[in-house]
Amino acid sequence: MPSWLIPYALLAPGLLVIAALLLYPLYQMVDMSFHDVRLKNLRAINPVPPEFVGLENYTKIFESDLFWPSLRNTLLFAAAAVALTIVLGTLVGLLLHRLGSKMSMFVIVGVMAAWATPPPAQAIIWKWLFDSDAGIANWALNLLPDWLSNLVFGRADWSGQPWLNEPFTIYLVLTVSVVWASFPFIAVSILAGLKSIPHELYEAAEMDGSGPITTFAKITLPMLKPVYAVLIVLSIIWDFKVFTQLYLLAGGTANREAFNLSLWSYAEAFGGSPKMGLGAAVAVVLTIILLIITFVYVRQIVKTEDVR
Amino acid sequence: MSPVARKKLGKFALNGAGIAVFLFAVFPVYWMVSTAFKPNDQIFTTDFIPFPSPPSLDHVERVFTKGVAGHPIWQFLINSAIVALSTVLIGAVFALLAATAVSRFRFRFRTSFLILLLIVQMVPAEALLIPLFVMARRLGLADQLLGLVVLNVGLTLPFSIWMLRTFVAAVPKELEEAAWIDGASRFSTFWRVLFPLVAPGLVATSIFAFITTWNEFVIALTLIGDQGKYTMPIALKFFVGQRSTDWGAIMAASTLMTIPVLIFFLLVQRRMVSGLVAGAVKG
């Protein structure tokens with residue numbers, strides 16, 4: 001084999017897999033979104049070719065009464081979960097940096113447990129913690145002094161409080177469970193970033209009489225900017241498409257008010273009367289949003305990593 | 001307050017915060033495990049019972065004998081293991097070849113390929129679900145564990161190549177050149193020199209792919225209808241839907257699903273960070 005051919009030969013199998021299993025489906029998704037695809041078009045024995053409907057699927061989803069609630073749920077959840085994860089992760093990262101080495105290792109091993117729990121198990125654990133009858137959350141809320149509970153929540157008795165019926169409380173539990181599972185990654189990454197900042201910078205700041213808040217704003221944050229750029233984008237992408245935990249907490253697709261874009265797309269395509277074209281159109285909207293965010297990530301990585 | 005006292009108090013507060021973070025992270029997992037070992041009267045109560053007393057193996061035994069949907073939990077653990085291990089083995093071969101290409105050779109389209117990798121690894125299974133399902137059906141892979149393997153190889157490969165390429169690049173080129181000079185063939189240089197040195201990286205990358213596939217929910221949810229072929233995530237989902245109040249058994253099953261991931265996680269925790277944000281942290 002001529003030596004110029006070798007890299008292409010090594011690359012070919014992987015590239016074929018990516019083309020067949022990621023790029024072609026991406027194209028097919030867009031194609032399906034312009035067709036009315038149902039089960040009769042997919043059956044093994046003489047399938048009917050799907051009818052081309054132009055932009056009809058898109059007009060249908062934009063006019064659907066599920067569009068705004070799903071988009072709102074997607075955006076609000078992503079905003080809340082990303083903000084809380086980043087803030088909590090940063091605080092824990094700073095804490096880990098200041099703890100002694102034994103204590104810091106102890107906390108890292110602990111947060112690893114939350115991080116390692118598989119998403120299906122995460123959802124099930126939090127479903128159990130927020131169970132209306134025997135959940136520990138209602139027990140803990142009942143511990144609050146009555147006056148405080150009345151002042152903050154307008155109620156004192158939490159026995160039997162159902163958390164997973166209303167969209168708002170479903171998303172509340174979802175936010176807690178997602179933040180719980182994702183802050184460890186942020187904290188450990190921030191810790192790695194903090195360790196890479198040269199000590200001299202802090203010594204110089206101290207000599208100049210800079211306080212802790214000024215030092216954080218003027219030295220730590222700017223030095224961690226590239227880390228944050230990557231972490232925020234990754235978190236947005238992960239939280240934008242959240243499916244497993246939402247599906248399990250909301251109990252499948254029965255509660256339409258609790259849909260986000262991925263659950264809606266799934267419900268259209270695999271629900272009672274599957275409308276795959278419609279589901280594909282929702283997936284295209286989701287993918288476009290994700291690709292815009294990915295673009296920021298790719299630009300950041302290309303700046304810092306050696307891809308040339 | 002004297003400076004010494006203040007310093008002591010500060011240290012005390014920091015350690016207190018550390019313990020609070022530890023408890024917040026660990027408690028839900030602990031609660032899952034402890035519920036799995038509690039007798040029913042300690043589960044269905046409005047009181048707080050911190051430890052199972054005495055611990056009961058009833059639920060664990062029940063998921064192994066009676067199981068879920070008429071299949072003992074073994075069946076689903078084995079299905080999940082088959083899918084995850086096959087995905088890892090096939091993916092490792094593809095990833096190693098491609099990673100060698102991008103980190104050992106300079107060629108046209110190299111940069112384009114790396115950027116393509118970055119973009120496609122961000123496209124989630126949730127978005128590609130519909131065309132992937134249609135494709136699997138056309139190929140006769142619906143309701144087959146093989147179908148899950150094929151789709152998971154596709155979904156995990158971009159990240160595997162991306163991560164493995166830094167391990168290949170870390171092996172000094174001079175070692176291979178020395179083997180060349182000694183008259184080794186291209187293949188034996190790769191197999192005898194490069195491969196053993198990249199092996200630890202290959203293990204780390206494979207553990208990543210294993211965890212991703214082991215946890216994978218949405219593809220298995222749409223592709224698998226036959227209960228005997230359920231993987232663990234889908235078995236759990238079915239379990240919760242079917243016996244929504246049997247929390248002891250549900251927690252026992254969740255614990256069984258979590259244990260392998262926890263073990264693997266502790267093995268690769270350091271690389272978890274470097275794989276995703278390496279460049280950003282270094283810079």
Side-chain angles (χ1 to χ4, degrees), chain A residues 7 10-11 13-14 17-18 21-22 25 28-29 32 42 92 95 98-99 103 106-107 110-114 116-121 124-125 128-129 134 139 159 188-189 192-193 196 226-227 230 237 241 243-244 248 262 266 269-270 276 279-280 283 286-287 290 294 298 301 304-305 307-308, chain B residues 14-15 17-18 21-22 25-26 28-29 32 43-46 48 94 97-98 100-101 105 107 111 114-115 118-120 122-124 126-128 130-132 134-135 137 151 153-154 157-158 161 215 217-218 222 233 236-237 240 247 250 254 257-258 261-262 265 269 273 277 279-281 283:
Chain A
L10 292 172
L11 211 57
V17 169
I18 290 171
L21 294 172
L22 295 167
Q28 225 193 359
M29 172 177 68
M32 283 172 87
L42 302 172
V92 174
L95 176 71
R98 293 199 53 191
L99 286 174
M103 189 65 190
F106 172 73
V107 178
V111 298
M112 209 67 79
T117 307
I124 288 169
I125 293 173
W128 169 225
L129 291 168
W139 170 83
S159 312
V188 177
S189 305
S196 72
V227 184
V230 173
I237 288 175
K241 53 146 186 117
F243 183 90
T244 307
L248 289 166
S262 13
Y266 172 83
F270 301 100
M276 303 240 165
L286 175 67
T287 309
L290 289 175
T294 302
V298 170
I301 295 281
T304 50
E305 287 241 358
V307 292
R308 257 166 267 280
Chain B
L14 279 179
N15 284 336
V21 171
F22 179 88
V26 167
V29 179
M32 163 178 82
I43 293 177
F44 301 104
T45 167
T46 46
F48 174 66
F94 289 125
L97 295 179
T100 309
F105 298 90
F107 52 94
T111 306
L114 287 171
I115 291 173
L118 273 174
I119 295 172
V120 293
M122 287 299 147
V123 178
E126 286 80 355
L128 291 181
I130 300 168
L132 287 177
V134 170
M135 185 156 79
R137 243 179 96 116
L151 298 189
V153 167
L157 190 61
I161 300 175
N215 292 350
F217 181 77
V218 67
T222 40
L236 275 183
K237 172 237 146 199
V240 175
W247 283 110
I250 291 170
S254 307
M257 184 187 172
T258 307
V261 186
L262 244 157
F265 229 82
Q269 56 104 344
V273 177
V277 287
V281 171

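Chain letters run A, B, ... following the sequence lines, proteins first, then strands; residues in each count from 1.
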What is the minimum heavy-atom distance between [X] and [Y], and which atoms define it?
| X | Y | answer |
| --- | --- | --- |
| B:Pro158 | A:Leu22 | CG-CD1, 3.6 Å |
| B:Ala101 | A:Leu10 | CB-CB, 3.7 Å |
| B:Val29 | A:Ala113 | CG2-O, 3.8 Å |
| B:Ala25 | A:Gly110 | CB-O, 3.7 Å |

For each of [options], tally heavy-atom pairs with chain A at distances under 4.5 Å, and name the one with the top tally.
| options | value |
| --- | --- |
| B:Thr100, B:Val240, B:Thr222, B:Val261 | B:Thr222 |
| B:Ile250, B:Ile161, B:Leu151, B:Thr46 | B:Thr46 |
| B:Val21, B:Val120, B:Leu262 | B:Val21 |
| B:Gly18, B:Pro233, B:Ala17 | B:Gly18 |

Can you measure from [atom1] ([X]) to [atom2] ([Y]) and round to the nearest 0.5 angstrom?
| X | Y | atom1 | atom2 | answer |
| --- | --- | --- | --- | --- |
| A:Ile124 | B:Thr258 | CD1 | OG1 | 9.0 Å |
| B:Asn15 | A:Met103 | CG | CE | 5.0 Å |
| B:Arg137 | A:Leu42 | CZ | CG | 5.5 Å |

Given heavy-atom pairs under 4.5 angstrom as the criterion, report whether the side chain, backbone, both or neither of [X] touches chain B.
| X | answer |
| --- | --- |
| A:Leu129 | side chain |
| A:Ser262 | side chain |
| A:Val111 | both |
| A:Phe106 | both |
| A:Met32 | side chain |
| A:Leu248 | side chain |
| A:Ile125 | both |

Residue [X] versus chain A: region with a heavy atom under 4.5 Å:
| X | value |
| --- | --- |
| B:Thr45 | backbone |
| B:Leu157 | side chain |
| B:Leu14 | both |

Between [options], which has the largest tally of heavy atom pairs under 4.5 Å with chain B?
| options | value |
| --- | --- |
| A:Trp139, A:Tyr266, A:Phe243 | A:Trp139 |
| A:Pro25, A:Gly279, A:Gly14, A:Ser159 | A:Pro25 |
| A:Ala114, A:Pro118, A:Ala134 | A:Pro118 |
| A:Val92, A:Thr287, A:Thr294, A:Leu286 | A:Thr294 |

Can you confirm whether [X] sits close enough to [Y] that some side-chain heavy atom of one is under 4.5 Å from a side-chain heavy atom of the other?
| X | Y | result |
| --- | --- | --- |
| A:Gln28 | B:Ile130 | no |
| B:Ile119 | A:Val298 | yes |
| B:Met257 | A:Pro120 | yes |
| A:Leu11 | B:Phe107 | yes |
| B:Val123 | A:Leu290 | no |

Look at the rings of A:Trp128 and B:Phe44 and say which category their plane angle falls in: under 30° parallel, 30 to 60° tilted, over 60° perpendicular.
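The arrangement is perpendicular - the two ring planes meet at more than 60°.
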